[in-house]
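Letters go in sequence order (proteins before strands), and every chain restarts at 1. A quick note: this is a predicted structure, and the numbers were derived from the prediction, not measured.
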Amino acid sequence: MPELPEVETVRRGLESLIIGKIIKTTQHDTEKSFPNASADIEAFLYGATVIAIRRRAKVLLIELSTQYTLMVHLKMTGQMVYVGSDYRFGAGHPNDSLVNTLPDRSTRVTIEFTDGSQLFFNDQRKFGWMKLLPTIEIPNVDFMKKVGPEPLEADFTSQQFADRFTRRKRTTIKAALLDQSVVAGVGNIYADEALWGAKVHPQRLVQTVTDQEFESIYTDLRAVMTLSIEKGGSSNHTYVNAEGKRGSYMDFARVFRREGLACPRCGTTIEKLRVAGRGTHICPHCQVV
DNA sequence: CACTTGACCTGTCCGC
DNA sequence: TGCGGACAGGTCAAGT
């Protein structure tokens, strides 16, 4: 699921919903979803107040008053869904069809606040995880050390963007875009969307991409991600925001999951292929190898 | 090192 | 209707 715009949408939702709340208890079903939860929970999670919600790449950081942080990766099918204290156990979620009852069989972690409201970490495929770490240790996590710059930062330039790709010269531009150490937060949806916008075929080798084309990819990537955040992200399958609501970016997608439909720029039928092991969508007229 | 592939999981959809 | 296989928004460990 969740690429930068979706995680950012969840972040904003949580920011308005749980800042200042105090964690009373948590439950988790599998060790995998909340590894090493053990001892630190009692001391640093229960009784902690939520003081900030941050995001780095596709990672959510729920910062607590105890100098600990809950680090969350939603991977493909993760959800962070909040319900208020008036939520009746087992009732349908008030907002959306993608969330039925809470908790459900995909619920991995339940966080209950002292006011009776609850936050559910759901993850159908169990790829995602939540970890409790000292806040000061977050920058030392392997992923955080290697992850590239945030593409939507105001001071991130087109030139800096292009320079990040020098480490991946001999691979395809799509594989390089998906590499989190190049640029943070890009996933399958926005890689395809940005490459269509820039008229660059995803199988083009990085070393053949021109400065002008890098600038186009940079511009379009920032544009589609910004638009997607405005639209609350993309809901293909399981993604919902912190209120259980879907995002509507898919209504605005130009190529992603639009195979068989007309290219909005030239009318040619959009095709689907595999690049970098991922389903990839292109306009065969606008994007040539 | 750079690069590719398979593994991690569950659910759904498609063709036989 | 049932069943097998491919596939799904991400990342990591192993392999070349």
Side-chain angles (χ1 to χ4, degrees), chain A residues 1-10 29-35 55-60 71-80 97-100 103-108 121-131 141-148 164-195 202-207 221 224-225 228-229 231-241 246-253 255-260 272-281:
Chain A
M1 136 233 144
E3 306 181 27
L4 188 155
E6 289 74 31
V7 179
E8 177 60 20
T9 301
V10 172
D29 70 340
T30 62
E31 169 70 12
K32 180 173 176 175
S33 299
F34 199 171
R55 178 191 60 73
R56 178 76 171 96
K58 301 170 191 172
V59 173
L60 267 179
M71 183 177 183
V72 186
H73 203 306
L74 302 174
K75 293 288 181 84
M76 303 280 262
T77 55
Q79 305 173 328
M80 294 291 281
S97 57
L98 287 180
V99 178
N100 297 310
D104 66 13
R105 63 183 156 173
S106 76
T107 299
R108 308 300 166 204
F121 169 40
N122 294 337
D123 184 20
Q124 183 180 98
R125 291 172 73 178
K126 299 183 184 173
F127 288 174
W129 43 256
M130 175 180 290
K131 294 173 188 169
V141 173
D142 284 349
F143 178 87
M144 302 301 258
K145 282 194 289 193
K146 76 173 188 194
V147 70
R164 298 295 301 171
F165 288 83
T166 54
R167 62 180 62 204
R168 303 295 308 268
K169 277 192 180 25
R170 302 176 62 82
T171 191
T172 61
I173 185 66
K174 170 126 184 192
L177 274 170
L178 295 176
D179 181 343
Q180 299 299 294
S181 76
V182 173
V183 178
V186 184
N188 210 31
I189 299 175
Y190 304 103
D192 282 7
E193 291 288 290
L195 289 172
Q203 275 173 324
R204 289 269 304 282
L205 295 182
V206 170
Q207 59 194 349
L221 181 64
V224 293
M225 284 188 159
S228 185
I229 291 170
K231 301 300 176 188
S234 300
S235 290
N236 265 335
H237 298 295
T238 57
Y239 170 73
V240 293
N241 68 14
R246 308 169 60 105
S248 67
Y249 178 79
M250 289 307 290
D251 296 341
F252 301 84
V255 284
F256 190 78
R257 281 180 64 94
R258 289 178 52 80
E259 62 270 29
K272 183 171 180 181
L273 49 152
R274 278 195 101 66
V275 181
R278 312 296 301 277
T280 299
H281 311 77

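- Look at the C1' atom in both C:dA6 and B:dG6: the space between them is 15 Å, to the nearest Å.
- Judged by distance alone, the side chain of A:Thr280 and the main-chain N or O of A:Arg278 form a donor-acceptor pair under 3.5 Å.
- With hydrogens and angles disregarded, a donor-acceptor distance shorter than 3.5 Å links the side chain of A:Ser235 to the backbone of A:Gly247.
- Residue A:Ile189 contributes atom CD1, which lies 11 Å from atom C1' of C:dA8 at whole-angstrom precision.
- For A:Phe165, the ring pair (Phe, Tyr, Trp, His ring centres under 6.0 Å) criterion is met by A:Phe161, A:Phe214, not counting sequence neighbours.
- Rounded to an integer number of Å, the gap from A:Lys32 NZ to C:dT11 P is 14 Å.
- Here the closest heavy-atom approach between residue A:Asp192 and residue A:Lys174 is recorded as OD1-NZ, 2.6 Å.
- Legend: residues meeting side-chain contact (heavy atoms from CB on, under 4.5 Å) with A:Ser228, ordered by chain and number and at least two apart, are A:Pro5, A:Glu6, A:Tyr190, A:Ser234, A:Tyr249.
- Side-chain contact between A:Met71 and A:Val59: present, with at least one pair of heavy atoms (C-beta onward) separated by less than 4.5 Å.
- Under the rule for a side-chain hydrogen bond (donor to acceptor under 3.5 Å, both in side chains), the partners of A:Arg204 that lie at least two apart in sequence or sit in another chain are A:Thr208, A:Glu213.
- Rounded to whole Å, the distance from NZ on A:Lys131 to P on C:dT11 is 12 Å.
- The side-chain hydrogen bond (donor to acceptor under 3.5 Å, both in side chains) search around A:Thr172 returns none, not counting sequence neighbours.
- At a threshold of 4.0 angstrom between heavy atoms, the contacts of A:Gly128 with the nucleic acid are absent.
- The two residues A:Ala57 and A:Val147 come nearest to each other via the heavy atoms CB-CG2, 3.7 Å.
- For DNA chain C, each stem of at least three Watson-Crick or G-U pairs (distances under 3.5 Å) is given as range with range: B:2-8 with C:10-16, B:10-16 with C:2-8.
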Please enumerate all protein N or O atoms sitting under 3.5 Å from an N or O of nucleotides 12-16 of chain C, with distances to 0.1 Å.
residue : atom : partner  : partner atom : Å
C:dC12  : OP2  : A:Lys146 : NZ           : 2.5

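- Residue A:Arg108 is out of contact with every strand shown, counting any heavy-atom pair closer than 4.0 Å.
- Residues satisfying the side-chain contact (heavy atoms from CB on, under 4.5 Å) test with A:Asp123, not counting sequence neighbours, are A:Thr77, A:Arg108, A:Phe121.
- Residues satisfying the side-chain hydrogen bond (donor to acceptor under 3.5 Å, both in side chains) test with A:Glu8, not counting sequence neighbours, are A:Arg11, A:Arg12, A:Arg55.
- Taking the nucleotide of DNA chain C with the nearest heavy atom to each of A:Lys58 and A:Gly277, the more 5' of the two is matched to A:Gly277.
- Note on A:His73: a side-chain N or O is less than 4.0 Å away from OP1 or OP2 of C:dT11.
- Partners of A:Ser33 by side-chain hydrogen bond (donor to acceptor under 3.5 Å, both in side chains), not counting sequence neighbours, listed by chain and number: A:Thr30.
- C:dC7 atom C1' lies 15 Å from atom CG of A:Leu273, rounded to whole Å.
- To the nearest angstrom, P of C:dT11 lies 13 Å from CG of A:Leu60.
- Taking the 5' to 3' direction, DNA chain B first and last meets chain A under 4.0 angstrom from a heavy atom at B:dA2 to B:dG11.
- Nucleic acid contact for A:Asn236: base, since at least one base atom lies under 4.0 Å from a heavy atom of the residue.
- Under the 30°/60° scheme for interplanar angles, the aromatic rings of A:Phe143 and A:His73 are found to stand perpendicular.
- Residues from residues 169-185 of chain A lying near DNA chain B, meaning a heavy-atom separation below 4.0 Å, are A:Lys169, A:Arg170, A:Thr171 in numerical order.
- Taking the side-chain contact (heavy atoms from CB on, under 4.5 Å) definition, one finds that A:Asp179 meets it with A:Arg168, A:Ser181, A:Val182, sequence neighbours left out.
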